[in-house]
Amino acid sequence: MRKATLVVVTDGLSEPSSTALLGERIADSVLARLRSEAHEVEVETVSLRGLAHGIADYMTMGFPSGEVGRALDTVRSADALIAVTPTFKAGYTGLFKSFWDLTDDDDLVGVPTVVAATGGTARHSLVIESSLRPLFAYLHADVVPTGVFAATDDFGADDSLQHRIDRAGAELADRIAWKLGGEHPGESDPVTAEPKPASPSLAGGNGLPPLKVTPFEDLLNG
């Protein structure tokens with residue numbers, strides 16, 4: 001069985017970092033679910049904090065240093081991604097955005113991805129929908145439905161953060177398992193585990209009729 005590579009990209013700017021911790025906890029949740037299903041996964045971490053100078057040099061001079069080049073290659077070879085940023089001024093950090101600006105537009109096409117963020121208070125939680133999801137939609141990543149935001153008070157408070165982590169982790173794990181040859185994500189109901197009914201075919205049967213396309217010349221000729 002092929003081993004999948006899960007890459008965690010974190011932009012924690014302090015040491016220790018709650019942002020890096022959140023990325024680790026999401027990765028642990030993904031691994032626990034996949035290993036329970038006998039799938040092999042290797043986790044690689046890209047910490048942007050140590051790449052700040054190299055990222056700036058690449059953006060201004062047009063070529064990557066060795067470390068930045070290796071980090072970009074790691075992302076390009078990923079079977080799945082976890083991307084985590086602190087929240088600054090109601091959005092992701094400039095360093096986080098700069099790193100993704102260095103990727104090519106087709107590097108993340110179809111790559112299963114969890115987006116996550118940390119912030120001082122829960123009022124920053126909209127960063128997931130207002131900033132992160134649009135960025136990775138532009139990059140054509142397969143972003144899972146559940147994003148994870150963790151305010152400072154969420155760490156060690158109750159199990160609500162872990163619940164969000166496990167939900168996102170399960171969604172990412174299902175996509176990785178499918179890439180490894182398992183069940184397609186969404187084929188089982190996440191609550192009851194019962195198989196979902198098959199979607200109606202668009203080619204006939206009980207679904208929509210086949211789409212008829214009228215050539216443009218015929219429209220001009222009435």
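Starting from 1, each residue takes its place in the sequence as its number. These figures come from a predicted structure and were not determined experimentally.
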**Request:** Please assess D11 against F88 for the test side chain to side chain contact (heavy atoms under 4.5 Å, CB included), listing each intermediate value before the final yes or no.
**Result:** CA-CA 11 Å; D11 186 24; F88 283 8; over 6 Å; no
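- In the model, T10 has no side-chain atom that pairs as donor or acceptor with a side-chain atom of T19 under 3.5 Å.
- Crowding of F155 atom CZ: a count of heavy atoms from other residues, nucleotides or ligands under 6.0 Å exceeding 12.
- The environment of CZ in R167 is sparse: at most 12 heavy-atom neighbours from other residues, nucleotides or ligands sit within 6.0 Å.
- The backbone N or O of A177 sits nowhere less than 3.5 Å from a side-chain atom of E37 that would complete a donor-acceptor pair.
- The backbone N or O of T118 sits less than 3.5 Å from a side-chain atom of T87, completing a donor-acceptor pair.
- Looking at I176 and H39, their side chains never come closer than 4.5 Å, going by heavy atoms from C-beta outward.
- Residues in residues 50-74 take part in these side chain to side chain donor-acceptor pair (under 3.5 Å) pairs, two or more places apart or across chains: D73-R76.
- No option in V111, L108, V109 other than L108 meets the side-chain contact (heavy atoms from CB on, under 4.5 Å) test with L139.
- No path of Ile, Leu, Val, Met, Phe, Trp and Tyr side chains, each step under 4.5 Å between heavy atoms, connects F149 with I165, placing them in separate hydrophobic clusters.
- Between atom CG of residue L34 and atom CG of residue L172 there is a gap of 8.0 Å, rounded to the nearest 0.5 Å.
- Ring geometry for F96 versus W100: interplanar angle over 60°, hence perpendicular rather than tilted (30 to 60°).
- A salt bridge does not link D166 to R33: none of the charged nitrogens lies less than 4.0 Å from a carboxylate oxygen.
- Using a 4.5 Å cut-off between side-chain heavy atoms of Ile, Leu, Val, Met, Phe, Trp and Tyr, with links allowed through other members, V7 and V43 fall into different hydrophobic clusters.
- Cluster membership check: I82 shares its hydrophobic cluster with V144, using side-chain heavy-atom separations under 4.5 Å among Ile, Leu, Val, Met, Phe, Trp and Tyr.
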